[in-house]
Amino acid sequence: MRYKSIIAAITMFAACLSAGAQTVDSASIARDARNTVVREWVEPLVTTKIKLLTRTYGDSIVLRWAAEDYVSWKYLCTYGVNVLRVPHDGRPGLHIDTLAYALKPLTQDQFRQRYPMTDSLALVPMGVLYGEATNYKFEAPGTMGRTLEDNSEQDMSYGFAMVVAEWRKDLAEAMAVRFTDRKVTPGATYDYYIQPTVWENGGLLIFEPGVAEKVVNTPYTPASFDPVVIDSLTSPYHVSIGWWDHEHSSFEIERRMVSNSKGVAVNGPWQRVTEKPYISMVQQPEGEDYCLLGDSVAENGVYEYRIMGYDAFADLCAPTKPHRVVVRDIQPPSPPNLTHIVLERPDDNDPMAKVIAHFVWEKEELEPDLVGYCINYSSTRITGKEWKLLNSEMIPPTATTYAADVTGLTTGMVTISAFDDSGNESKSFMQLIELRDYKAPDAPDSLRVTIQMPELDSLATKKDKWAYAILKWNPCPDDDIAYYDISAANDTTHTFLLRNQGGIHDTEFIDSLALNVNQKYIYYKVRAVDYSTNTGPWSHWIEVERPHISPPTVPHLDTSSHNDKDGMHMEWIVGKDADMKYHVAYRRVGEKGDWQVIGRYDHDSLTAKNYRIIIDDNPAFDREQRYYYSVESHNSSPFTARSLAVSWLHRGPKVWKVDIKLAGDYFKQKGHTRLVWDTGKLPLEGDYYYCIYRKGPGEDTFHFVVSVPNSTLEYTDRILQKGESADYYVMIQWRDGRQSTPSNTITVRRTQ
């Protein structure tokens with residue numbers, strides 16, 4: 001409530017001042033402020049704000065403010081602002097001190113009297129306040145495009161003026177965006193308010209004043225600054241310093257020399273590198289503020305740099321930690337010229353046993369800091385993207401020849417590098433070194449093949465009459481294999497012909513096989529060829545049975561019989577095809593059941609049985625169901641041949657033997673007979689229940705008493721009187737009508 005009340009009071013106070021009143025009764029202002037609602041109805045209509053910052057120094061308090069945009073700033077420059085203060089000094093009532101009334105920027109004449117034309121920074125606010133708009137416009141006057149151009153120019157000029165205000169305190173005061181309150185007490189607390197002298201002009205701009213409450217006047221301590229600093233040498237004696245920052249508008253950079261190029265300590269004084277505050281002009285993606293400054297030094301050595309940033313009050317923050325930069329020679333020596341390469345093979349019997357390369361080069365100028373040469377070799381197959389040194393140690397700078405051992409290397413590229421004592425390198429033009437290989441590769445091993453047949457639908461519609469042989473082999477141990485060759489023949493005595501049109505660069509090859517060829521086998525072999533065109537021997541051939549698409553002979557039923565006791569007996573005769581593989585017997589229960597495999601027969605095992613499959617099946621389930629049987633033959637083709645189905649209505653036996661053990665006794669304490677039994681594993685599946693039969697006192701035959709669920713294995717009977725006895729047995733009844741043999745019969749007597 002204090003904030004709203006004070007704003008209301010200041011509003012009335014400003015109105016009195018603008019009306020010409022010189023003094024105002026603060027008590028009456030406070031009394032009227034409690035009853036005003038100016039703030040409440042103005043606040044929702046605010047169109048622009050004044051941003052206010054304060055900084056305390058102990059002996060003074062600096063106010064720094066800015067409008068939200070160019071139009072608002074020009075309004076404040078035209079009508080001025082009031083700088084008001086409310087002290088927290090314990091006095092009763094509200095006391096408002098007017099520090100400045102209708103504070104405006106200097107006039108153009110005042111700017112010219114105070115600042116010379118050589119002060120380029122002072123010319124910025126003069127140009128923004130009193131200069132004319134530029135004529136470099138592309139859009140016609142009165143158009144939307146011209147309006148946008150004017151708006152962009154105004155925003156840019158206003159932003160540049162505010163940046164200058166952060167560089168120079170005097171220019172900030174000259175632009176009326178800074179005020180120093182020197183009539184303050186150390187340790188005291190104040191509220192400050194910046195408001196337009198004229199609150200509104202036709203209702204177009206309604207300001208929210210700048211407010212800073214409870215400002216405690218304490219000494220100022222510069223803020224620390226610790227950005228990430230990087231450096232690079234872009235040319236001799238030129239250093240680029242880079243850092244990231246988004247808090248400061250401009251910077252000052254200082255440098256000092258730590259040691260010279262010979263390592264002697266210097267520890268020179270700090271020197272300002274920037275003549276004027278540095279502002280970054282590097283455009284970066286959104287969210288990144290990157291600063292980059294170039295600096296030239298007089299000599300090589302070790303230098304330290306530190307950076308200080310300007311804030312909104314034109315104060316410099318504390319210097320960064322010194323960043324050390326080593327300035328060294330980055331000018332490489334002139335490159336050597338590789339003139340020729342001579343190869344030497346000392347062993348006449350084996351030219352591959354030892355290979356020496358003699359490199360010869362020349363260099364026009366031997367720089368004083370030249371330290372030597374290195375010979376670099378590159379082959380994509382051996383070194384990949386890297387270079388390999390052919391010399392074990394640095395070659396002296398006066399040398400012009402060098403012999404390198406290149407045994408085991410293949411044809412590649414070489415270049416000679418010259419180095420100076422600063423590590424700078426220059427290279428000669430790359431040249432080809434031809435290292436011919438005279439050793440042929442060994443034959444590949446582990447040649448193997450997999451046959452892939454086309455889809456059955458394609459075969460059935462005659463769209464695809466080709467199979468595919470997928471050949472694989474182990475790679476040769478030689479490291480210079482260029483490619484492989486595959487050859488094939490229909491017989492090992494025939495001439496093998498190449499199957500590949502070009503070199504095979506992998507250890508896999510897919511060959512197409514016609515399915516309508518009357519040839520049972522095809523033979524393959526493979527060989528390797530190295531990069532020097534040496535051709536290795538062929539591997540041992542592999543025999544592949546060529547697939548075909550002729551279906552097997554259909555099996556047929558020769559003999560069959562059936563009875564409900566013994567089940568079904570069937571004898572099937574299968575074909576004697578040369579490539580027959582195996583046969584599968586199936587059974588199905590009911591019209592809509594699934595076919596189940598009941599037997600698999602290897603074709604060779606049927607030779608002794610005159611190619612006859614004998615099936616005896618007496619299923620112990622699904623009484624009174626129709627059973628279907630069929631046999632399917634498989635050969636090496638993708639097709640099969642299946643017989644017609646034969647079926648019988650199989651009822652099976654009605655009574656099944658089950659070993660039911662029954663026990664029982666009379667319990668006089670409870671006055672009843674208790675029976676218990678156990679069945680073990682049942683020979684049939686399906687839903688069932690137990691039936692209890694009894695021959696009671698005076699009865700000649702057994703009668704059905706009750707049935708109990710299959711989860712109950714006991715029964716309680718209360719029929720017996722004193723001196724009477726009864727006989728019992730138990731049997732199982734299945735829901736489909738089958739039943740078990742009865743259990744043992746027991747007699748239970750009641751003696752008392």
Side-chain angles (χ1 to χ4, degrees), residues 229-242 253-271 273 292-306 321-341 356-379 383-406 409 412-431 433:
V229 183
I230 60 175
D231 66 81
S232 63
L233 300 179
T234 55
S235 62
Y237 307 111
H238 188 81
V239 181
S240 292
I241 300 294
I253 295 89
E254 295 182 340
R255 176 197 68 221
R256 69 178 178 183
M257 191 175 190
V258 178
S259 61
N260 58 24
S261 59
K262 297 181 180 180
V264 179
V266 176
N267 294 325
W270 288 102
Q271 297 178 341
V273 174
L292 182 65
L293 177 73
D295 181 39
S296 297
V297 297
E299 60 178 303
N300 294 331
V302 179
Y303 295 84
E304 286 184 341
Y305 288 84
R306 65 182 184 184
K321 298 178 182 178
H323 178 77
R324 183 159 293 190
V325 179
V326 178
V327 181
R328 57 178 179 80
D329 177 22
I330 60 173
Q331 184 68 37
S334 61
N337 179 28
L338 179 59
T339 58
H340 54 279
I341 305 170
I356 304 297
H358 297 272
F359 298 91
V360 181
W361 67 90
E362 58 186 19
K363 193 173 186 300
E364 294 182 357
E365 179 186 1
L366 298 181
E367 292 83 359
D369 59 348
L370 183 67
V371 296
Y373 308 94
C374 287
I375 301 178
N376 308 286
Y377 163 82
S378 174
S379 172
T383 64
K385 297 182 179 180
E386 303 295 330
W387 289 86
K388 175 183 178 181
L389 283 178
L390 296 182
N391 51 296
S392 57
E393 56 186 15
M394 186 72 72
I395 303 172
T398 56
T400 57
T401 62
Y402 185 80
D405 187 352
V406 292
L409 300 182
M413 304 301 294
V414 292
T415 180
I416 299 181
S417 299
F419 292 90
D420 62 16
D421 56 9
S422 297
N424 300 307
E425 176 187 10
S426 64
K427 292 184 177 181
S428 67
F429 288 110
M430 291 187 295
Q431 293 193 27
I433 178 172

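Computed from a predicted model, the values in this text were never measured in an experiment.
- A distance of 12.0 Å separates NE2 of His358 from CD1 of Ile341, quoted to the nearest 0.5 Å.
- Atom CD1 of Ile253 sits about 4.5 Å away from atom CG of Leu293, to the nearest 0.5 Å.
- At least one donor-acceptor pair under 3.5 Å links the side chain of Glu367 to the backbone N or O of Ser334.
- Glu365 is not listed as a side-chain neighbour of Leu370, based on a closest heavy-atom distance of 4.5 Å or more.
- Under the salt bridge (Lys or Arg N to Asp or Glu O under 4.0 Å) criterion, no residue pair touches residues 417-427, with sequence neighbours excluded.
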* To do: Check the pair Tyr402 / Asn391 against side chain to side chain contact (heavy atoms under 4.5 Å, CB included), numbers first and verdict last.
  => CA-CA 8 Å; Tyr402 185 80; Asn391 51 296; 3.5 Å; yes
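- Asp329 CG to Asn424 CG: the interatomic distance, rounded to the nearest 0.5 Å, is 5.0 Å.
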* To do: Might you work through the side chain to side chain contact (heavy atoms under 4.5 Å, CB included) test for Val406 and Ile356, ending with a clear yes or no?
  => CA-CA 6 Å; Val406 292; Ile356 304 297; over 6 Å; no
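- For the atom pair NE2 (His340) and OG1 (Thr401), the distance works out to 9.0 Å, reported to the nearest 0.5 Å.
- With sequence neighbours excluded, the residues satisfying ring-ring contact (aromatic ring centres under 6.0 Å, His included) with Tyr373 are Trp361.
- Considering every non-hydrogen atom in both Ala418 and Pro333, the closest pair reads O-CG, 3.7 Å.
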* To do: Carefully, step by step, assess Tyr305 and Asp295 under the rule side chain to side chain donor-acceptor pair (under 3.5 Å).
  => CA-CA 10 Å; Tyr305 288 84; Asp295 181 39; 2.6 Å; yes
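- For the atom pair CZ of Arg256 and CD of Gln271, the computed distance is 11.5 Å after rounding to the nearest 0.5 Å.
- The shortest distance between side-chain heavy atoms of Ser428 and Asn337 does not fall below 4.5 Å.
- Side chains of Tyr303 and Val297 form a contact here, defined as non-hydrogen atoms less than 4.5 Å apart.
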* To do: Quick one: do Leu233 and Val239 satisfy side chain to side chain contact (heavy atoms under 4.5 Å, CB included)? Show the steps, please.
  => CA-CA 5 Å; Leu233 300 179; Val239 181; 3.8 Å; yes
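- The backbone N or O of Ser378 sits nowhere less than 3.5 Å from a side-chain atom of Thr383 that would complete a donor-acceptor pair.
- The number of heavy-atom neighbours closer than 6.0 Å to OH of Tyr237, taken from other residues, nucleotides and ligands shown, is 12 or below.
- No side-chain N or O of Asp369 forms a donor-acceptor pair with one of Ser422 less than 3.5 Å apart.
- The side-chain hydrogen bond (donor to acceptor under 3.5 Å, both in side chains) test with Glu304 singles out one residue from Arg324, Arg255, Lys321, and that residue is Arg324.
- Summarising the geometry of Ser259 relative to Ala265, their closest heavy-atom pair is CB-CA, 4.0 Å, with the distance given to 0.1 Å.
- Shown here is Met430, whose CE atom has no more than 12 heavy atoms of other residues, nucleotides or ligands within 6.0 Å.
- Looking at Asn376 and Val414, their side chains never come closer than 4.5 Å, going by heavy atoms from C-beta outward.
- Note that SG of Cys374 is 10.5 Å distant from CD1 of Ile416, once rounded to the nearest 0.5 Å.
- The two residues Met257 and Gly301 have their closest heavy-atom pair at CE-CA, 4.4 Å.
- Contact of the Ile433 side chain with the Leu409 side chain is not registered, since no non-hydrogen atoms from C-beta on lie closer than 4.5 Å.
- At least one side-chain heavy atom of Phe359 sits under 4.5 Å from a side-chain heavy atom of Leu390.
- Annotation: side chain of Leu292 is not in contact with side chain of Ile241 (no heavy-atom distance under 4.5 Å).
- Two residues are said to be in side-chain contact when any heavy atoms from C-beta on lie closer than 4.5 Å; Val360 and Thr400 fail this criterion.
- Here the shortest heavy-atom pairing between Asn260 and Glu299 reads CB-OE1, 4.2 Å.
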